[in-house]
Amino acid sequence: MTLLAVAHRAGNSMARLHSAVALGADVIEADVHSYRGRLEIRHLKTLGPLPWLWDRWELHPASAPRTGLHDLLQAADGGATFMLDLKGRRAEIGDRVARMLHAYAPGRPVLICSRYWPALRPLDRLPWVRTVLSARNRGELVLLSRRLRAEPRTYGVSVHRSLLTPAVAAALHERVELVMTWPVNDPAALGEVSALAASGRIGVISDEDDVLRRVVSFDVEKGGLSP
C-alpha cells in the first residue's frame with residue numbers, strides 16, 4: 001500500500017515550491033501554459049487581448065512578472081520531482097516542453113500530465129519522462145478507459161476524486177502503475193482516498209500542507225495515517 005504526496009500547484013510560485021519541498025512532498029505540481037512563444041508557469045488564464053490574467057474570483061494585471069518553465073527547472077532544490085500539467089488544447093506545447101526538459105533537466109525524472117492527451121505524445125521520446133492522462137468528468141473517464149485498453153503501456157492516470165470509486169480505482173490499477181486523484185484537501189477526503197491504495201499506488205493531490213504532511217508520515221506497517 002503506497003501513497004504519494006503531490007503538492008497541487010506548488011510549483012506555480014517559488015515560495016510555495018520551497019515550502020512543499022521542505023515538508024517532504026514526493027511530487028511538486030505546476031501548471032504550464034504556452035503563451036506568445038514562451039512556456040509560463042501559472043494557473044491564471046489570459047483574457048484575450050485584455051491586459052489581465054484571471055481565474056474565478058481572481059483578477060491580476062498581465063504585466064506582472066511571470067515565471068517561465070526554465071526558471072522553475074533551474075530553481076528546483078532538494079531533488080524535487082515535478083509533475084507538469086500542460087494546459088490548453090495545443091499539441092505543440094508537448095514538443096516545446098520536451099525540448100526544454102532536454103535542455104534544462106536531461107535525465108531528471110519528471111511526470112507530465114494533461115487533459116488534452118495529444119500534447120503528451122512528444123514526451124514519449126524522453127525515457128526519463130512518465131506521462132499521466134487526466135480525466136475531469138465522466139465522459140473523459142469513459143474515453144480514458146478505452147485508451148488504456150488500446151495502449152496498455154501508459155504509466156499513470158489522474159482522475160477527479162468524484163469519479164474515483166474503489167471499483168474504478170481497481171480497474172485502473174490493472175492497466176497503470178499509478179492512479180492520482182484531486183482534490184484531497186481535508187482528513188475525511190484523505191481517509192477515503194487512502195483506502196483506494198488497497199488496489200495499488202495512489203497519488204494524493206492536495207493544496208493543504210496538513211494533508212500532505214499526513215501522507216508523508218503514512219506508516220505502511222500500521223496500514224494507516226499517523227495523527
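Here the structure is a predicted model, which is why all the values come from computation and not from measurement.
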| request: Take C113 and L133, measure what side chain to side chain contact (heavy atoms under 4.5 Å, CB included) needs, and give me the verdict at the end. | output: CA-CA 6 Å; C113 70; L133 307 179; over 6 Å; no
For V204 and L4: C-alpha separation, side-chain torsions, deciding distance, then whether side chain to side chain contact (heavy atoms under 4.5 Å, CB included) applies.
CA-CA 6 Å; V204 177; L4 292 180; over 6 Å; no
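With S194 contributing its side chain and L190 its backbone, the two residues share a donor-acceptor pair below 3.5 Å. No side-chain donor-acceptor contact under 3.5 Å links R90 to the backbone of K87. The closest donor-acceptor contact from the side chain of H33 to the backbone of Y35 lies at 3.5 Å or more, if one exists at all. Side chain of T131 to main chain of L120: no donor-acceptor pair is present (N/O by atom type, distance under 3.5 Å, no hydrogens or angles). Proximity of a side-chain donor or acceptor of S114 to a complementary backbone N or O of L86 within less than 3.5 Å is detected. Remark: side-chain polar atoms of T154 are not paired, donor with acceptor, to backbone N or O of L148 under 3.5 angstrom. Between the side chain of N12 and the backbone N or O of D31, at least one donor-acceptor pair lies under 3.5 Å. Distance alone, capped at 3.5 Å, places no donor-acceptor pair between the S13 side chain and the A10 backbone.
Between I205 and E29, every side-chain heavy-atom pair lies at or beyond the 4.5 Å cut-off. Annotation: side chain of R9 is not in contact with side chain of R16 (no heavy-atom distance under 4.5 Å). Side-chain atoms of I202 and T2, non-hydrogen and from C-beta on, never get closer than 4.5 Å to each other. In this structure the side chain of R136 reaches within 4.5 angstrom of the side chain of W182, judged on heavy atoms. Inter-residue side-chain proximity for H102 and W128 is flagged as met; some heavy-atom pair is nearer than 4.5 Å.
Nearest heavy atom pair, residue P118 against residue P122, reads O-CD, 3.9 Å.
Remark: of the listed residues H8, H160, E208, H160 is the sole one forming a side chain to side chain contact (heavy atoms under 4.5 Å, CB included) with P183.
Using a 3.5 Å distance cut-off with no hydrogens or angles, the side chains of R96 and S34 do pair a donor with an acceptor.
Checked for salt-bridge contact, R121 and D124 miss the test: no charged N lies under 4.0 Å from a carboxylate O.
The CG atom of L144 sits 12.0 Å away from the CZ atom of R115 when rounded to the nearest 0.5 Å. Taking NE2 of H173 as the start and CZ of R201 as the end, the distance is 9.5 Å to the nearest 0.5 Å.
Atom CZ of R38 is surrounded by more than 12 heavy atoms from other residues, nucleotides or ligands within 6.0 Å.
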